[in-house]
There are 2 protein chains.
Amino acid sequence: MAQLDPFRQFLDDLRNRFELDHVAYAGMNPISGATHGHMTYGADWTSHYLQNKYYEIDPTLLKARHSIAPVDWNRLERGAEFQTIFRAARDFGISDRGLTIPIHGPYGDVGGLSINRDCSEREWHLLISGIIGDLQSAAVYMHDMVIQADPLTRMLNTPSLSTREIEILQWTAAGKSQQDIGDILSISHRTVEVHLRSARQKLNALTTPQAIGRAINLGLIYPR
Amino acid sequence: MAQLDPFRQFLDDLRNRFELDHVAYAGMNPISGATHGHMTYGADWTSHYLQNKYYEIDPTLLKARHSIAPVDWNRLERGAEFQTIFRAARDFGISDRGLTIPIHGPYGDVGGLSINRDCSEREWHLLISGIIGDLQSAAVYMHDMVIQADPLTRMLNTPSLSTREIEILQWTAAGKSQQDIGDILSISHRTVEVHLRSARQKLNALTTPQAIGRAINLGLIYPR
DNA sequence: TATACTATTGGGGAAATCCCGTATCGCCGC
DNA sequence: GCGGCGATACGGGATTTCCCCAATAGTATA
């Protein structure tokens, strides 16, 4: 299995190349809701991590969501979640000396590539400064690979909204009412609503505000 | 002027370090609408570029908006815009052998770091493979520096929405109706609407869909 | 060619949202 | 202390949106 998984293969190569303890990738597409995780950790820690849903509170991932620059784990806030996860990790023989590189895609997709190695402070800084550039590239490559491979992403990346639908979504995001838009486009406000409904359906959204959020993150429209 | 500008300084250093012809950065925040450009090109090409509003049709920038991986200029589609810009660039003695590294921030902010050098195909590939990692890091650093320095970004990044308002915006983006949210939070749907109205006001939005769009791009809430 | 599917257009009426009002509570400054 | 201000809470009634319905034109597909 593992040796056939290209993602796992890539991470293993990365680990070997830079003599790291472990390399892990976690990514998600807020639209499809799909999350993707790959790691070189053993099955024991992996399953423990997943079973306890650590990915929901993992401070490295939360920080990555809001950051663009690499995040050294020793700069994370030592909150309750931090203690929980890193104490558990230590029990599995995993060091808390690590780094996470956030990656943001154009459609709201986020990911993080994490590496860790148990070593001295000095050794760690030396290592990082030497390979940070390569890691950055690797993170981009890995994220791109994962997102492109996600069929749901691919599907949602190309929701075939009609010209009218996108046009009307754009005006809606600009704060126009259905009546306004009808006047602007010289059609009935009833028709505007039909297109809006169709757009909601295609975006699998329950309400117009939700559809606007998704359309923006899909890059279909821009906020105004 | 130039020698005091830290952005220009950074790009100049980058150019010298890797012996490039030129280094340029362009970024924008879709919310504030502010665009930022910095480059090592001469004033003549820079002003020509700006006067003709090339940044609106520049294929390197357009591609960067939708890509995450570095974009080599020789892989761009040879459209009319491409011809216009690169032919003009050649007149200014600027080569079409270059590369743009896209950067996406967490709040919809996008940027691109471009480098170029007039040299042989072989030389170019050798150069790129050697420094791509460093460029990636430099791009992240530059983008972060620019966005953080933008006072509009900073201001818009901290509109003081109350806890309740953000909470309700988040549920709204999740597709819940006001009645639903009232039930969830155990308050009247009337009250929900008041908070929503207040949020619209603070975000300077005319409608709820517009407010959702802005809140998402401000990083106040996440699309669901 | 027949059929099926989508894009576009519209109406009637139910449902939700929005604007007006009011009220309480806590905080900050004069 | 007290008046102002923002956060929180609620209701009536006007406005808007939403869900049912239907029709036509174009395109794809069997």
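The analysis underlying the following values was restricted to heavy atoms, covering all of them including side chains, and did not include hydrogens, waters or symmetry mates. By convention in this document, chain letters (A, B, ...) are assigned in the order of the sequence lines, proteins followed by strands, and residues within each chain are numbered from 1. None of the values given here were measured: they were computed from a predicted structure.
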Just say parallel, tilted or perpendicular for the rings of A/Y49 and A/Y54, cut-offs at 30° and 60°.
perpendicular
Quick one: does B/H104's side chain have a donor or acceptor within less than 3.5 Å of a partner on B/S67's backbone?
yes
More than 12 heavy atoms from other groups under 6.0 Å of OH on A/Y141:
no
Each nucleotide N or O in nucleotides 22-26 of chain C that has a protein N or O under 3.5 Å away: list the pair and distance.
none

Tell me what B/T207 touches on the nucleic acid: a base, only sugar-phosphate, or nothing, going by heavy atoms under 4.0 Å.
nothing
Rounded off to whole Å, could you give me the CG-to-C1' distance for the A/L196 and C/dA15 pair?
16 Å
Do A/R197 and C/dG10 share a donor-acceptor pair, side chain to base, under 3.5 Å?
no
Walk along DNA chain D from 5' to 3' and tell me the first and last nucleotide with an atom closer than 4.0 Å to a non-hydrogen atom of chain B.
D/dA7 to D/dG13
Will you find, in the side chains of A/R8 and A/T40, an N or O donor that is under 3.5 Å from an N or O acceptor?
no
Do A/Q136 and A/P70 have side chains that approach each other closer than 4.5 Å (heavy atoms only, starting at C-beta)?
yes
The test is ring pair (Phe, Tyr, Trp, His ring centres under 6.0 Å); show your working for B/W73 and B/F82 and say whether it passes.
CA-CA 10 Å; B/W73 293 355; B/F82 181 93; 8.8 Å; no
I'd like to check the ring-ring contact (aromatic ring centres under 6.0 Å, His included) partners of B/H125; sequence neighbours left out, ordered by chain and number.
none
Presence of B/R200 side-chain N/O under 4.0 Å of C/dT17 phosphate oxygens OP1/OP2:
no
Find the distance B/H189:NE2 to C/dA16:P and express it as a whole number of Å.
9 Å
Between the protein and nucleotides 7-9 of chain C, list the N/O to N/O atom pairs that are separated by less than 3.5 angstrom.
{"unit_1": "C/dA7", "atom_1": "OP1", "unit_2": "A/K202", "atom_2": "NZ", "d": "2.8"}
{"unit_1": "C/dA7", "atom_1": "OP2", "unit_2": "A/K202", "atom_2": "NZ", "d": "3.1"}
{"unit_1": "C/dT8", "atom_1": "OP2", "unit_2": "A/S162", "atom_2": "OG", "d": "2.4"}
{"unit_1": "C/dT9", "atom_1": "OP1", "unit_2": "A/R164", "atom_2": "NH2", "d": "2.8"}
{"unit_1": "C/dT9", "atom_1": "OP2", "unit_2": "A/R164", "atom_2": "NE", "d": "3.1"}
{"unit_1": "C/dT9", "atom_1": "OP2", "unit_2": "A/H195", "atom_2": "NE2", "d": "2.9"}

Not counting sequence neighbours, which residues clear ring-ring contact (aromatic ring centres under 6.0 Å, His included) with A/F92? List them please.
A/W45, A/H48
All heavy atoms of A/L62 vs all of A/I57, minimum pair found to be CD1-O, 3.7 Å
Please check if any side-chain donor atom of B/W124 sits under 3.5 Å from a side-chain acceptor atom of B/N74, or the reverse.
no
Starting at CD of A/Q179 and ending at C1' of C/dG11, how long is that distance when rounded to a whole Å?
14 Å
Checking all strands, does A/E193 fall into the base, sugar-phosphate, or nothing category for heavy-atom contacts under 4.0 angstrom?
base
Could you list all the salt bridge (charged side-chain N to carboxylate O under 4.0 Å, His left out) pairs where at least one residue sits in residues 162-174 of chain A, not counting sequence neighbours?
A/R164-A/E167, A/E165-A/K202
